[in-house]
Structure formats: structure tokens, C-alpha cells
Visitor: 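Dropping a structure here in C-alpha cells format, bear with me for questions.
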Amino acid sequence: MKIATYNVNGVNGRLPVLLRWLEQRQPEIVCLQELKAPDERFPIDAIRRAGYDAIWHGQPRWNGVAILSRIGEIHETRRRLPGEGEDAQSRYLEAAVNGVLIAGLYLPNGNPRPGPKFDYKMLWFERLIAHARELLDSGLPVILAGDFNVMPTERDVYKPERWVDDALFAPEAREAWFRLVGQGWTDAVRHLHPDETVYTFWKYFRNAFVRNAGLRIDHFLLSPGLVDRLVRAEVDLEPRGWDKTSDHAPAWIELAAG
DNA sequence: ATGACCATCCCAGATGGA
């Protein structure tokens with residue numbers, strides 16, 4: 001079973017790229033971030049024609065997350081973190097699919113730092129950490145997947161020294177990441193590729209993708225029971241080179257049958 | 001060290017992204 005995460009940077013603007021990649025790769029489950037569309041503009045018809053069912057949680061202009069499945073029913077369990085109000089930004093969606101609990105998330109960017117946006121990022125992070133504890137304690141097989149907007153280590157940034165004051169690489173954000181992982185989660189890509197340079201995002205500017213001036217900010221965290229089932233963890237670089245593409249590349253993991 | 005590019009939306013230029 002392949003499970004993917006893809007920050008599409010506008011689900012309607014990137015629809016041809018998304019559909020081409022779904023057709024090519026055929027992941028069973030996909031978490032999408034940055035829909036940038038209100039709920040009524042989610043392209044559900046095109047996604048159904050591609051063979052997927054979906055749930056989504058959008059808002060006008062910004063944010064927005066979705067979970068797609070071609071393997072079985074999507075049983076939604078949450079659409080916001082505990083502690084978030086009804087009017088919160090659309091950044092979290094959780095569902096049981098084919099025997100696994102999938103949490104699709106889009107953690108706030110947090111720039112500029114310091115400032116209210118960074119405070120919101122860290123507050124959101126704390127809510128995620130508290131809820132992740134509950135998910136671990138449930139004993140269920142759980143995957144936290146999405147755009148965490150954090151590069152955990154220097155290996156995850158092309159020029160670490162340029163990013164130390166940025167909200168994506170700030171000590172507070174990295175500390176929160178390691179506190180989350182320290183609950184007992186496994187970073188799937190690093191587990192299988194401990195020493196490789198792996199990026200999931202490249203700016204549009206200055207030929208960043210061609211220069212491989214990238215960041216690793218899209219992640220999969222696995223609950224302990226899933227680690228033995230992890231057989232692959234990859235980033236699809238090809239779609240990042242397509243015309244009218246997202247600034248992120250899709251990442252995916254493959255789990256053996258449980 | 002800075003600015004570069006892209007999407008969205010009452011369609012122009014502000015805002016957010018990372």
C-alpha cells in the first residue's frame with residue numbers, strides 16, 4: 001500500500017499535474033495540502049474520474065487539506081485539532097482508511113519570526129504534539145503525513161547557515177519536532193535513508209530545483225507498530241520538473257500488508 | 001545579503017507562501 005503526501009500549492013491550478021501524477025504513480029492513499037480553494041471548488045469530479053474517493057477541508061484562498069483513497073472507504077475521524085475553534089484555518093484532516101489512521105496536516109509556516117505568525121505556528125505545533133500523544137496511546141496504527149514546515153536537521157537544508165533565523169529552521173520549531181518524534185514516532189524517510197540528501201521543496205526562484213537548493217519539510221511519522229511494515233520511502237522528483245507545477249514534490253511510503 | 005516566482009481573488013495589487 002502506497003501512501004503519499006503532496007503540497008499542491010493550489011489544487012485547481014495544479015489539477016493537470018496532480019492528475020498526471022496520480023495516473024502515473026497510482027498511490028492508494030494521498031494527503032493533499034494547500035488546496036487554496038473553498039470547499040465548493042474542490043475538484044471532486046475529476047478526482048473521482050481518476051479513481052479516487054476523497055474528503056476535504058478547504059477555505060477560501062489559503063490552506064486546505066484533503067485525503068484521497070482508491071483502496072477503500074474513508075472514515076473521517078476529525079477535521080481540526082483539539083483546541084482549535086470552528087473558524088480555525090483548515091490545516092488538519094484525519095481518517096481511518098484500510099486499517100490505518102491517517103492524519104493529513106499542514107503546519108503553519110510561521111514567518112516572519114518573531115511575530116504573531118510564529119506564535120501561531122508554535123501554538124499549532126503544541127496542539128499537534130498533545131493530540132499525537134493521544135493517537136499513540138490509542139495503540140492504533142497511525143501515520144502523521146503532510147507539510148510540517150520544519151527541516152529537522154542540517155542535512156535537510158541546502159544551506160543551513162542561511163536558515164537559522166527562519167521559522168522553518170528555528171531552534172523552537174526543531175525542538176518541537178524532536179519532542180513530537182520523541183513520543184515514539186519514526187521519521188519514515190530518514191529511517192530508510194539515514195545519510196542521504198532528500199528534499200521535498202525547492203523555491204520557484206533562481207532555478208532552485210535545477211541547482212537542488214531544496215528543503216525537506218514534508219514528512220511521514222509512523223506509529224511503532226507500522227515501522228516493521230515500512231518497505232520504501234521516496235520523493236517523486238519528476239513532477240517537480242513539470243510545467244505549471246507545485247514548489248513541492250510528492251513524497252510517498254510503501255507499507256507491506258499488515 | 002537580497003530578491004527572485006507563484007496562486008488566489010468582486011481583475012489589481014495585496015497577501016501569503018517557505
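Chain identifiers are assigned alphabetically (A, B, ...) following the order of the sequence lines, protein sequences preceding nucleic acid strands; residue numbering begins at 1 within each chain. Computed from a predicted structure; not experimentally measured.
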Visitor: A/Glu34 has an atom CD; how far is it from atom C1' of B/dG17, in whole Å?
Guide: 6 Å
Visitor: Once you round it to whole Å, what is the distance between C1' of B/dG16 and CG of A/Asn7?
Guide: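 Nearest whole value for this atom pair: 12 Å.
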Visitor: Measure CG/A/Asp166 against C1'/B/dG17 and give the value in whole Å, please.
Guide: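 The answer, rounded to whole Å, is 11 Å.
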Visitor: Contact class for A/Pro108 (heavy atom, under 4.0 Å): base, sugar-phosphate, or nothing?
Guide: nothing
Visitor: Within the structure, does a side-chain N or O atom of A/Lys117 lie under 4.0 Å from either OP1 or OP2 of B/dG16?
Guide: yes
Visitor: So does A/Arg41 get a side-chain nitrogen or oxygen closer than 4.0 Å to the phosphate oxygens (OP1/OP2) of B/dT8?
Guide: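 A/Arg41 to B/dT8 OP1/OP2: no side-chain N or O under 4.0 Å.
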Visitor: Sort out for me which residue in A/Leu22, A/Ile74, A/Leu19 forms a side-chain contact (heavy atoms from CB on, under 4.5 Å) with A/Tyr52.
Guide: A/Leu22
Visitor: Of all the nucleotides listed (B/dT8, B/dT2, B/dG3), which has the minimum atom distance to the side chain of A/Arg162?
Guide: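 Given the options B/dT8, B/dT2, B/dG3, the side chain of A/Arg162 is closest to B/dT2.
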Visitor: Could you check A/Gln89 against A/Asn9 and say which one's nearest nucleotide on DNA chain B is further toward the 5' end?
Guide: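 Closer to the 5' end of DNA chain B: A/Asn9.
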Visitor: In whole Å, what separates the C1' atom of B/dC10 from that of B/dA4?
Guide: 30 Å
Visitor: Name the nucleic acid region contacted by A/Tyr106, choosing base, sugar-phosphate or nothing; use a 4.0 angstrom heavy-atom cut-off, strictly under.
Guide: sugar-phosphate
Visitor: Among B/dG16, B/dG17, B/dA14, which is the nearest nucleotide to the side chain of A/Arg91?
Guide: B/dG17
Visitor: Write down the distance between CG (A/Asp247) and P (B/dG16), rounded to a whole number of angstrom.
Guide: 17 Å
Visitor: Between B/dC6, B/dT8, B/dG3, spot the one nearest the side chain of A/Asn12, thanks.
Guide: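 Nearest nucleotide to the side chain: B/dT8.
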Visitor: Mind calculating the distance between CZ (A/Phe201) and P (B/dA7) to the nearest angstrom?
Guide: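 After rounding, the gap between these two atoms is 13 Å.
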Visitor: Applying a 4.0 Å non-hydrogen cut-off, can you work out what A/Asp218 is touching in the nucleic acid: base, sugar-phosphate, or nothing?
Guide: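 It contacts nothing in the nucleic acid.
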Visitor: Considering just the side-chain nitrogens and oxygens of A/Arg61, establish if one lies under 4.0 Å of OP1 or OP2 belonging to B/dT15.
Guide: no
Visitor: Is the NZ or CZ atom of A/Arg113 both under 6.0 Å from the centre of the six-membered ring of A/Phe118 and within 45° of that ring's axis?
Guide: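 Cation-pi check for A/Arg113 and A/Phe118: passes.
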Visitor: Could you measure between the two P atoms, the one in B/dG17 and the one in B/dA12, and give it in whole Å?
Guide: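 It comes out at 25 Å once rounded to the nearest Å.
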Visitor: Regarding A/Asp147, tell me which of base, sugar-phosphate or nothing describes its non-hydrogen contacts under 4.0 Å with the strands shown.
Guide: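 Sugar-phosphate, backbone atoms only, no base.
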Visitor: Can you name the one residue among A/Asp187, A/Thr200, A/Thr197 that meets side-chain hydrogen bond (donor to acceptor under 3.5 Å, both in side chains) with A/Arg216?
Guide: A/Asp187
Visitor: Just do the side chain to side chain donor-acceptor pair (under 3.5 Å) check on A/Glu84 and A/Trp124 with the steps written out, would you?
Guide: CA-CA 9 Å; A/Glu84 285 192 303; A/Trp124 205 95; 2.8 Å; yes
Visitor: Without decimals, in angstroms, what is the distance between A/Arg211 CZ and B/dG3 P?
Guide: 16 Å
Visitor: How do A/Met151 and A/Phe205 order along DNA chain B: which one's closest nucleotide is nearer the 5' end?
Guide: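 Its nearest nucleotide lies further toward 5', so the answer is A/Phe205.
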Visitor: Would you measure the distance from the C1' atom in B/dC11 across to the matching atom in B/dT15 and give it in whole Å?
Guide: 15 Å
Visitor: Take the protein atom CG of A/Leu35 and the nucleotide atom P of B/dC9, then report the distance between them rounded to whole Å.
Guide: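 Rounding to the nearest Å, CG of A/Leu35 and P of B/dC9 are 12 Å apart.
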Visitor: Using a strict 4.0 Å threshold on nitrogen-to-oxygen distance, state whether A/Arg70 and A/Asp53 make a salt bridge.
Guide: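 Judged by the 4.0 Å cut-off on N to carboxylate O distance, A/Arg70 and A/Asp53 do not form a salt bridge.
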Visitor: May I ask you to say whether A/Arg190 pairs ionically with A/Asp156, meaning some side-chain N is under 4.0 Å from a carboxylate O?
Guide: yes
Visitor: Quick one: A/Asn149 CG to B/dG17 P, roughly how many Å, whole number?
Guide: 8 Å
